[in-house]
Amino acid sequence: GQYAIVHLPMQPDSAAVNPGPGAITTEMTDDQVRMQTQADLDALPSMPGANNHMGSRATADRRVMDDVIGVFKERHMFFIDSVTSPSTVGAETARAMDVPSASRAVFLDNQATVPYVEGQLRATMARALKFGSAIAIGHPNPQTDEALAAMIPQMKAAGIEFVPAQSLVAL
């Protein structure tokens, strides 16, 4: 009864940070990017879409994103740009290729403290009430879980409806 999407590992700006196995990098050829994207997707049950894990360098590279989004197009998947860089071309590339997409509005837990995450949830709520929707991205950690448990009832009382990410993507 839960919804899931692929959290695709992609190269960050910092070489000191490892995005994990199966990462898409700017050093890969077009064929390597496509093959790694396919391998990452094939390693999981079929998913309707994906977002980038890290990826500040990879999502800013149009060639790499053309290859990644091309695989999503072939598989009829959507893409949510985590916006890990102001230079990202992820959602823009997806739109240009007629792949349904959306962009993250709020990161919930850049600081893993309950008060910080609660503040970010309030920011998500304000944005959703103002614009009609908002995508927030967080991580499975105790502080985020605690903040969500405290804030979800308040957000629902304010009229916020929680929906699967795929319902917020558009061409």
Side-chain angles (χ1 to χ4, degrees), residues 2-14 17 19-20 23-24 37 40-41 47-62 64-66 68-69 72-73 76-171:
Q2 300 296 316
Y3 291 90
I5 65 173
V6 176
H7 197 48
L8 188 68
M10 300 182 85
Q11 181 182 10
D13 278 331
S14 172
V17 179
I24 309 298
T37 302
D40 289 345
L41 298 176
M47 302 275 177
N51 75 314
N52 54 290
H53 168 63
M54 298 187 181
S56 48
R57 175 159 299 160
T59 60
D61 187 304
R62 184 160 312 275
V64 169
M65 291 311 297
D66 280 344
V68 170
I69 299 298
F72 292 171
K73 183 174 180 77
H76 307 285
M77 295 174 67
F78 65 81
F79 177 67
I80 294 179
D81 193 334
S82 298
V83 192
T84 56
S85 165
S87 302
T88 183
V89 295
E92 173 188 325
T93 301
R95 282 190 301 274
M97 295 175 74
D98 294 325
V99 170
S101 65
S103 295
R104 181 268 314 154
V106 178
F107 270 128
L108 295 178
D109 48 15
N110 282 339
Q111 297 174 31
T113 68
V114 173
Y116 180 83
V117 177
E118 287 178 345
Q120 293 300 91
L121 286 165
R122 285 186 197 89
T124 303
M125 180 169 58
R127 185 172 178 91
L129 292 171
K130 181 175 181 177
F131 297 108
S133 67
I135 294 174
I137 294 177
H139 298 88
N141 64 54
Q143 298 83 3
T144 301
D145 292 348
E146 185 177 334
L148 284 165
M151 292 297 299
I152 285 175
Q154 295 176 39
M155 295 172 81
K156 286 182 175 179
I160 300 298
E161 179 184 355
F162 291 83
V163 299
Q166 68 193 66
S167 69
L168 299 178
V169 299
L171 285 176

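Since the structure is predicted, the reported quantities are computational estimates derived from the model, not experimental observations.
- Scanning all heavy atoms of the two residues, the minimum distance from N110 to Y116 falls at N-CE2, 3.7 Å.
- T124 has its side chain within reach of L108: a pair of non-hydrogen atoms, C-beta onward, lies under 4.5 Å apart.
- Closest approach of A149 and P153 over heavy atoms only: O-CD, 3.3 Å.
- Proximity of T113 to E118: side-chain heavy atoms (C-beta onward) are nowhere separated by under 4.5 Å.
- At least one side-chain heavy atom of K156 sits under 4.5 Å from a side-chain heavy atom of F162.
- Taking 4.5 Å as the limit, every side-chain heavy atom of D81 sits out of range of all side-chain heavy atoms of R104.
- Scanning for salt bridge (Lys or Arg N to Asp or Glu O under 4.0 Å) contacts around R57 gives D13, with sequence neighbours left out.
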Please lay out, stage by stage, how D98 and K73 fare under the test side-chain contact (heavy atoms from CB on, under 4.5 Å). CA-CA 8 Å; D98 294 325; K73 183 174 180 77; 3.8 Å; yes
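- Side chain of T144 to backbone of P140: no donor-acceptor contact under 3.5 angstrom is found.
- With values rounded to the nearest 0.5 angstrom, N52 atom CG is found 10.0 Å from S85 atom OG.
- Across every non-hydrogen atom of V114 and A147, the tightest pair is O-CB, 4.0 Å.
- T84 approaches F107 most closely through the heavy-atom pair CG2-CZ, 4.0 Å.
- For Q166, the side-chain contact (heavy atoms from CB on, under 4.5 Å) test picks out Y3, P48, F78, P164, with sequence neighbours left out.
- Minimum heavy-atom separation, S82 to I137: OG-CD1, 3.5 Å.
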query = When you look at I160 and Q154, which way does the side-chain contact (heavy atoms from CB on, under 4.5 Å) test go after all the steps?
reply = CA-CA 9 Å; I160 300 298; Q154 295 176 39; over 6 Å; no
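- In terms of the side-chain contact (heavy atoms from CB on, under 4.5 Å) criterion, residue partners of R95 (sequence neighbours excluded) are, by chain and number, A91, E92, S101.
- Summarising the geometry, atom CE belonging to M125 is positioned 12.5 Å from atom CD belonging to Q120; distances are rounded to the nearest 0.5 Å.
- For H53, the side-chain hydrogen bond (donor to acceptor under 3.5 Å, both in side chains) partners are H7, not counting sequence neighbours.
- In this view, D40 and L8, P9, I24, Q36 satisfy the side-chain contact (heavy atoms from CB on, under 4.5 Å) rule, not counting sequence neighbours.
- For residues 125-140, the side chain to side chain donor-acceptor pair (under 3.5 Å) pairs, not counting sequence neighbours, are D109-H139.
- Nearest heavy-atom pair across P19 and M54 is CA-SD, 3.6 Å.
- Listed by chain and residue number, M10, T59, I69, F79, V89, T93 satisfy the side-chain contact (heavy atoms from CB on, under 4.5 Å) test with M65 (two or more places apart in sequence, or in another chain).
- Between I5 atom CD1 and I80 atom CD1 the span is 4.5 Å, to the nearest 0.5 Å.
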